[in-house]
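All figures in this text were calculated on a predicted structure; none of them were measured in a lab. Side chains are part of it too, since the values below use all heavy atoms of this structure and drop only hydrogens, waters and symmetry mates. Just so you know, residue 1 is the first one in the sequence shown, and it goes up from there.
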Amino acid sequence: MCYNMAEYLPGSQYGSRSANTLKLKGLKADESYSVQNIEDRNKPGTTYKGDYLMNIGIAWPVKGANKGQILLVNPKGK
């Protein structure tokens with residue numbers, strides 16, 4: 001689950017108040033994973049390698065204060 005507690009104005013004093021990326025932990029680096037928004041269960045998820053999700057990450061999926069999203073992360077083929 002991803003959740004934003006607040007939203008900061010562009011140019012606020014501390015430029016990186018919100019995370020730009022979501023990095024996951026505990027995945028198998030050489031395995032492929034499907035990442036999907038729970039509200040889009042009828043659409044195919046986007047496939048990433050575990051190494052990418054742990055080291056590079058994906059764009060933070062939530063915009064706006066007090067908003068959240070649930071992402072499904074499943075090994076591909078399971």
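Of the inter-residue distances, the one linking Leu53 atom CG with Leu22 atom CG reads 8.5 Å to the nearest 0.5 angstrom. Taking OH from Tyr48 and CG from Leu27, the interatomic distance works out to 13.0 Å, rounded to the nearest 0.5 Å. Atom NZ in Lys49 sits 13.0 Å away from atom CG in Asn55 (nearest 0.5 Å).
Residues Ile56 and Thr21 are not in side-chain contact: their nearest non-hydrogen atoms beyond the backbone lie 4.5 Å or more apart. The shortest side-chain heavy-atom distance between Leu71 and Ile58 falls under the 4.5 Å cut-off.
Scanning all heavy atoms of the two residues, the minimum distance from Ser34 to Gly45 falls at OG-CA, 3.6 Å. Taking both residues in full, the closest heavy atoms of Glu31 and Pro75 are given as OE2-CB, 3.0 Å, listed atom of the first, atom of the second, then distance. Between Ser32 and Thr47, the shortest heavy-atom contact is CB-CG2, 3.9 Å.
In terms of the side-chain contact (heavy atoms from CB on, under 4.5 Å) criterion, residue partners of Asp40 (sequence neighbours excluded) are, by chain and number, Asn37, Lys43.
A donor-acceptor distance shorter than 3.5 angstrom exists from the side chain of Tyr33 to the backbone of Lys28, with no hydrogens or angles considered.
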